Asker: 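Got a structure for you, written out below as structure tokens; questions coming shortly.
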Amino acid sequence: MSNLNLNISGNQFDVSDGTSAAEAFKLAKLPAKGPQRPVAARLNGRMIDLSAPIHESGDLTVVDQNDPEALDLLRHSVAHIMAEAVEALFPEVKVTIGPAIENGFYYDFDKPEPFTPEDLVSIEEKMREIIKKGEPFARSEMSAAEAIEFFKNKNEDYKVELIEDLVRDQKADCVSIYKSGNFVDLCRGPHIPDTSWGAAFKLLSVAGAYWRGDEHRPMLQRIYGTAFFNGKDLQQHLHMLEEAKRRDHRRLGKDLDLFSISDEVGGGLIIWHPKGALLRVTLEEFERQEHLRRGYDIVMGPQILRAELWKKSGHWDNYRDNMYFTEVDGQGYGIKPMNCLAHMFIYRAQLRSFRDLPLRFFELGTVQRHEKSGVLHGLTRVRQFTQDDAHLFCTPENVDQEIKGVLDLVTDLMGAFGFEYEIELSTRPEKSIGSDEAWEMATTALKKALADKNVPYEINEGDGAFYGPKIDVKLKDALGRRWQCSTIQCDFTLPERFDLTYVDNDGQKKRPVMLHRTIFGSIERFVGILTEHFAGAFPMWLAPEQVRILTVTSRADDFAGEARAKLRKAGIRAEADLRNEKLGYKIREGQLQKVPFMLVLGDKEVETGSVAVRRRGGEDMGVMPLSDFIELARKEAEQPHWD
Ligand SMILES: [Zn+2]
Ligand SMILES: [Zn+2]
């Protein structure tokens, strides 16, 4: 037998051909316990099972539970364990596939009736039995013909179809099979060493799914689950799922009467109710003021623009499928999916000198985009939304400074809501316009600004806009979930296509650079994110209803009306609950509506012109003169601001 040479953590080991990764790690005296205990191995960059015999020399590294790919490997393996349990409990079921997905795994089964919640409980129980046994995952290879015969005998038609596809599409003559306990599956692997690794799992839900996502193929029964390397991580994740359910903006939007969506009106179209509209307008006004303060001009463009313009801009070629078109007086028009075009016409309305630049045009621009009905989701995926959009026109010399100004704005505005964020730089996509040189310049400009600001970022290859590379800001909400909001795009191409110029200090006509940027992105989506982030308990300055006055007796009605008028005069959004209901009931309702302050008025308060103050969350702030409370409320309602 020939000898192989393996490099394990910088040390060389001579081993005989066919040695397993597990044996090699033992030889290298690597930890067999704790978080560095190997789950699998990587041989020359390729993941393999710990038990896999090694037939080539090279680098052998440990894949432990902290490896970025380890969790997927574990979750996919637990899908095998689930399939083994299902097969044991429901022998008539046919198995299909069971991949790891974001946050978990699923397995699709061909079964006439859906799985019930009781089924899930017994499947979990069976899985625990299998896990306790610590059955090893054993890999073997079979010729394709043999494997087809094998699965045909087991009546596993879906597996047979998969192997036949492998033979046809990849000319496979041999396939790999994994056996754990009584369960045999066609699979590429690798897997966890044995079933005992899968202990921290939970089955979550069931759903119907077509075989291969094709509605003409059989409907299968899917079970979703999740798994982690330890119980603590699992508990944390389950808690997060509970929290996410509690904070779901679609539910809160209904409970707090913020917005609705109606099939009669149309999918993905938001109907803003008074409180939701007030919340939205507050956000928009805050942004308008902040933009004016930072040297932006407010502009507005039309909803429809001539179709020729969309052809010229490249939207026709690259974005047509997401657009709506209409005809007016025999002329074709496109309903705007973006706000860029009108802003270029504002630029072009005058002869521009280098002294005029940068110009920063800001528009709360409502756009229409055709999204497939299947992806529509509450406020976060809609068909009509308003962007906090701006286009900055600058000289090549001041691009850098402008990008940094936008990054500062992102930091300030996101900080105002307590969001942290991460940054990605997206590069040229397949469908794009503009020269290689322009793309290179634009990408370099964005990189330089990020480097100068000392902002860490990741590169997202091929995910840029069709007219330029972009910086994407992903913010992290209170549950640690990531949301894409702000973008900054650097564009040398549209100024070219629309012949935008400025006169430079040498008297020459030159092209300005155009930056496209949004901060919140879509206001609709941002309201959805804020609702979940704050679980509906908006900060005082954003809360649509800031103060609710509760009367204990009808003798307090007049004073309640007076207090509400004074609060409103002071700019505080106040309501009064004068109903003849028990105080406890009124307080409970105010709490459910997450009103920041409740004022309780009885005979004593009427007599002394004072109010008993309760904060959202239950804190009793005692009795104080109405004028003192108005002062306090005004201070708390102040918008975030920067000097
Ligand atoms: Zn597998
Ligand atoms: Zn734009």
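As the structure is a computational prediction, the values presented were derived from the model and not from experiment. Computed over heavy atoms, backbone and side chain alike; hydrogens, waters and symmetry mates excluded.
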Asker: Would you say the side-chain atoms of S486 pair up with the backbone N or O of V410, donor to acceptor, closer than 3.5 Å?
Answerer: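 Checked: no pair found.
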
Asker: Could you check whether atom CD of Q639 has more than 12 heavy atoms from other residues, nucleotides or ligands sitting under 6.0 Å from it?
Answerer: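 Enclosed.
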
Asker: Does E575 form a salt bridge (Lys or Arg N to Asp or Glu O under 4.0 Å) with R573? I'd like the steps, not just the answer.
Answerer: CA-CA 7 Å; E575 299 292 341; R573 300 186 283 267; over 6 Å; no

Asker: Do other residues, nucleotides or ligands put more than 12 heavy atoms under 6.0 Å from the NZ atom of K254?
Answerer: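 Check fails, neighbour count at 12 or below.
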
Asker: Take R517 and I471 through the side chain to side chain contact (heavy atoms under 4.5 Å, CB included) test and state the conclusion after the steps.
Answerer: CA-CA 9 Å; R517 49 111 285 193; I471 290 173; over 6 Å; no

Asker: Take atom NE2 in H239; do more than 12 heavy atoms of anything else shown fall under 6.0 Å from it?
Answerer: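 Count not over threshold, so no.
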
Asker: Side-chain contact test, heavy atoms from C-beta onward, threshold under 4.5 Å: evaluate it for S77 versus F137 and give yes or no.
Answerer: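 Yes, at least one pair of side-chain atoms sits under 4.5 Å.
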
Asker: Quick one: does W211's side chain get under 4.5 Å of D110's, heavy atoms only?
Answerer: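 Heavy-atom side-chain distance check fails, nothing below 4.5 Å.
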
Asker: Search all heavy atoms of V613 against all heavy atoms of D620 and return the closest pair with its distance.
Answerer: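 In terms of heavy atoms, the two residues are closest at O-OD1, 3.6 Å.
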
Asker: Checking T386 side chain against I523 main chain: does a donor-acceptor pair fall under 3.5 Å?
Answerer: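 Not confirmed, T386 side chain does not pair with I523 backbone.
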
Asker: Counting only N and O atoms by type, is there a donor-acceptor contact under 3.5 Å from the side chain of D388 to the main-chain atoms of G521?
Answerer: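 Yes, the answer is positive, given that a donor and an acceptor are paired below the 3.5 Å cut-off.
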
Asker: Testing the basics here: between R381 and V375, what is the closest heavy-atom pair and its distance to 0.1 Å?
Answerer: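 Reported closest heavy-atom pair: CB-O, 3.2 Å.
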
Asker: Take E23 and K26 through the side chain to side chain contact (heavy atoms under 4.5 Å, CB included) test and state the conclusion after the steps.
Answerer: CA-CA 5 Å; E23 287 161 346; K26 215 177 267 172; 5.5 Å; no

Asker: Taking the side chain as everything from C-beta on, heavy atoms only, tell me whether M127 gets closer than 4.5 Å to I123.
Answerer: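 Contact flag for M127/I123 side chains = yes.
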
Asker: Quick one: does K594's side chain have a donor or acceptor within less than 3.5 Å of a partner on A543's backbone?
Answerer: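 A pair under 3.5 Å: no.
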
Asker: For K111, check side chain to side chain contact (heavy atoms under 4.5 Å, CB included) against everything at least two apart and list the hits.
Answerer: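 Expected list: F90, V93, E113, F115, D119, Q221.
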
Asker: Show every side-chain hydrogen bond (donor to acceptor under 3.5 Å, both in side chains) that has at least one partner inside residues 257-271, sequence neighbours left out.
Answerer: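 Only D257-H273, S260-H273 qualify under side-chain hydrogen bond (donor to acceptor under 3.5 Å, both in side chains).
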
Asker: Of the non-hydrogen atoms in G268 and I261, which two are nearest, and what is the gap between them?
Answerer: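 Heavy-atom minimum between the residues: N-CG2, 4.3 Å.
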
Asker: Would you say the side-chain atoms of H191 pair up with the backbone N or O of D49, donor to acceptor, closer than 3.5 Å?
Answerer: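 A pair under 3.5 Å: no.
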
Asker: Has E422 got more than 12 heavy atoms of other residues, nucleotides or ligands less than 6.0 Å from its CD?
Answerer: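 Yes - once you tally the heavy atoms of other residues, nucleotides and ligands closer than 6.0 Å, there are more than 12.
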
Asker: Among all residues two or more places apart in sequence or in another chain, which pass the side-chain hydrogen bond (donor to acceptor under 3.5 Å, both in side chains) test with S205?
Answerer: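 Applying side-chain hydrogen bond (donor to acceptor under 3.5 Å, both in side chains) to S205 gives none.
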
Asker: Run the side chain to side chain contact (heavy atoms under 4.5 Å, CB included) test on I131 and F201 for me, step by step, so that the C-alpha distance in whole Å, both residues' side-chain angles and the decisive distance to 0.1 Å come before the verdict.
Answerer: CA-CA 10 Å; I131 287 164; F201 77 93; 3.5 Å; yes

Asker: Write down the atom of F150, the atom of V184, and the distance for their closest heavy-atom approach.
Answerer: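 Closest approach of F150 to V184: CE2-CG1, 3.7 Å.
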
Asker: Taking the six-membered ring for Trp and the full ring for Phe, Tyr or His, determine whether the centres of W541 and F286 are under 6.0 Å apart.
Answerer: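 Yes - the distance between ring centres of W541 and F286 falls below the 6.0 Å cut-off.
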
Asker: Could you walk me through whether D472 and K470 pass salt bridge (Lys or Arg N to Asp or Glu O under 4.0 Å), step by step?
Answerer: CA-CA 6 Å; D472 286 325; K470 57 177 183 160; 3.6 Å; yes

Asker: Looking only at atom types and distance, does a side-chain atom of K586 sit under 3.5 Å from a main-chain N or O of D577, one as donor and one as acceptor?
Answerer: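 Checking the backbone N and O of D577 against the side chain of K586, a donor-acceptor pair under 3.5 Å is found.
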
Asker: Kindly state each residue pair satisfying side-chain hydrogen bond (donor to acceptor under 3.5 Å, both in side chains) with at least one member in residues 179-190, sequence neighbours excluded.
Answerer: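 Counting only pairs at least two positions apart or across chains, the side-chain hydrogen bond (donor to acceptor under 3.5 Å, both in side chains) contacts touching residues 179-190 are Y107-D185, K159-D185.
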
Asker: Over all heavy atoms of both residues, which pair between M598 and L550 is shortest? Give the atoms and the distance, please.
Answerer: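 M598 and L550 have their closest heavy atoms at SD-CD1, 3.7 Å.
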
Asker: Can you list everything that forms a side-chain hydrogen bond (donor to acceptor under 3.5 Å, both in side chains) with Q368? Sequence neighbours excluded, please.
Answerer: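 Counting only residues at least two positions away or on another chain, Q368 forms a side-chain hydrogen bond (donor to acceptor under 3.5 Å, both in side chains) with Q384.
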
Asker: Which side-chain N or O atoms in residues 32-41 pair as donor and acceptor under 3.5 Å with protein atoms at least two apart or in another chain?
Answerer:
none

Asker: Between T226 and K202, is there a donor-acceptor pair closer than 3.5 Å when you use the side chain of the first and the backbone of the second?
Answerer: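 Pair absent, no side-chain N/O of T226 close to backbone of K202.
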
Asker: Could you note down all residue pairs passing ring pair (Phe, Tyr, Trp, His ring centres under 6.0 Å) where residues 212-234 supplies at least one of them, sequence neighbours left out?
Answerer: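 Passing the test, one end in residues 212-234: Y106-Y224, F228-H237.
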
Asker: Please report the C-alpha distance between R212 and D214 in whole Å, then the side-chain angles of each, then the deciding distance to 0.1 Å, and finally whether the salt bridge (Lys or Arg N to Asp or Glu O under 4.0 Å) criterion is met.
Answerer: CA-CA 5 Å; R212 302 195 141 171; D214 180 347; over 6 Å; no

Asker: What pairs with N103 under side-chain hydrogen bond (donor to acceptor under 3.5 Å, both in side chains), at least two apart in sequence or on another chain?
Answerer: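 Checked N103 against side-chain hydrogen bond (donor to acceptor under 3.5 Å, both in side chains); zero matches.
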
Asker: Just to verify, what does E135 make a salt bridge (Lys or Arg N to Asp or Glu O under 4.0 Å) with, not counting sequence neighbours?
Answerer: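 With sequence neighbours excluded, E135 shows a salt bridge (Lys or Arg N to Asp or Glu O under 4.0 Å) to K133, given in chain and number order.
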
Asker: For E619, enumerate each residue passing the side-chain hydrogen bond (donor to acceptor under 3.5 Å, both in side chains) test, keeping only those at least two apart in sequence or located in another chain.
Answerer: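 If we apply the side-chain hydrogen bond (donor to acceptor under 3.5 Å, both in side chains) test to E619, skipping adjacent residues, the hits are R615.
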
Asker: Using side-chain heavy atoms (C-beta onward) and a distance below 4.5 Å, is V473 in contact with C485?
Answerer: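 Not in contact.
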
Asker: State whether R217 and E161 are salt-bridged, where the test is any N-O pair (Lys NZ or Arg NE/NH1/NH2 against Asp/Glu carboxylate O) under 4.0 Å.
Answerer: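 Salt bridge present between R217 and E161.
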
Asker: When you look at I130 and F183, which way does the side chain to side chain contact (heavy atoms under 4.5 Å, CB included) test go after all the steps?
Answerer: CA-CA 11 Å; I130 295 167; F183 184 63; over 6 Å; no

Asker: Is the shortest side-chain heavy-atom distance between F419 and L413 below 4.5 Å?
Answerer: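 No, every pair of side-chain atoms sits at 4.5 Å or beyond.
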
Asker: List the steps and the verdict of salt bridge (Lys or Arg N to Asp or Glu O under 4.0 Å) for K132 and E129.
Answerer: CA-CA 5 Å; K132 219 178 203 167; E129 271 174 39; over 6 Å; no

Asker: Can a donor-acceptor pair be found, under 3.5 Å and without considering hydrogens, that links the side chain of T427 to the backbone of G462?
Answerer: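 Between the backbone of G462 and the side chain of T427 there is a qualifying donor-acceptor contact (under 3.5 Å).
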
Asker: Are side-chain heavy atoms of F417 and L475 found at a separation under 4.5 Å?
Answerer: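 Sidechains of L475 and F417: no contact.
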
Asker: Main chain of V595, side chain of R616: is a donor-acceptor contact present, judged purely on distance under 3.5 Å?
Answerer: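 Checked: no pair found.
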
Asker: Between D67 and R42, does any side-chain N to carboxylate O distance fall below 4.0 Å?
Answerer: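 Salt bridge present between D67 and R42.
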
Asker: Could you give all pairs that pass the salt bridge (charged side-chain N to carboxylate O under 4.0 Å, His left out) test and reach residues 85-94, with sequence neighbours left out?
Answerer: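 Sorted result for residues 85-94: K94-D157.
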
Asker: Any side-chain hydrogen bond (donor to acceptor under 3.5 Å, both in side chains) pairs touching residues 521-539, not counting sequence neighbours?
Answerer: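 The answer is H249-E532, R280-E524, R481-E532.
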
Asker: Between A227 and R75, which heavy-atom pair has the shortest distance, and what is it?
Answerer: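 Scanning both residues, the minimum pair turns out to be O-NE, 2.9 Å.
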
Asker: Does some side-chain heavy atom of L407 sit less than 4.5 Å from a side-chain heavy atom of L450?
Answerer: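 Heavy-atom side-chain distance check passes, below 4.5 Å.
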
Asker: Is the shortest heavy-atom distance from the side chain of L256 to the side chain of Q593 under 4.5 Å?
Answerer: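 Yes; the side chains approach each other to less than 4.5 Å.
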
Asker: What distance separates Y585 OH from R588 CZ, expressed to the nearest 0.5 Å?
Answerer: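 Nearest 0.5 Å value for the OH-CZ distance: 8.0 Å.
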
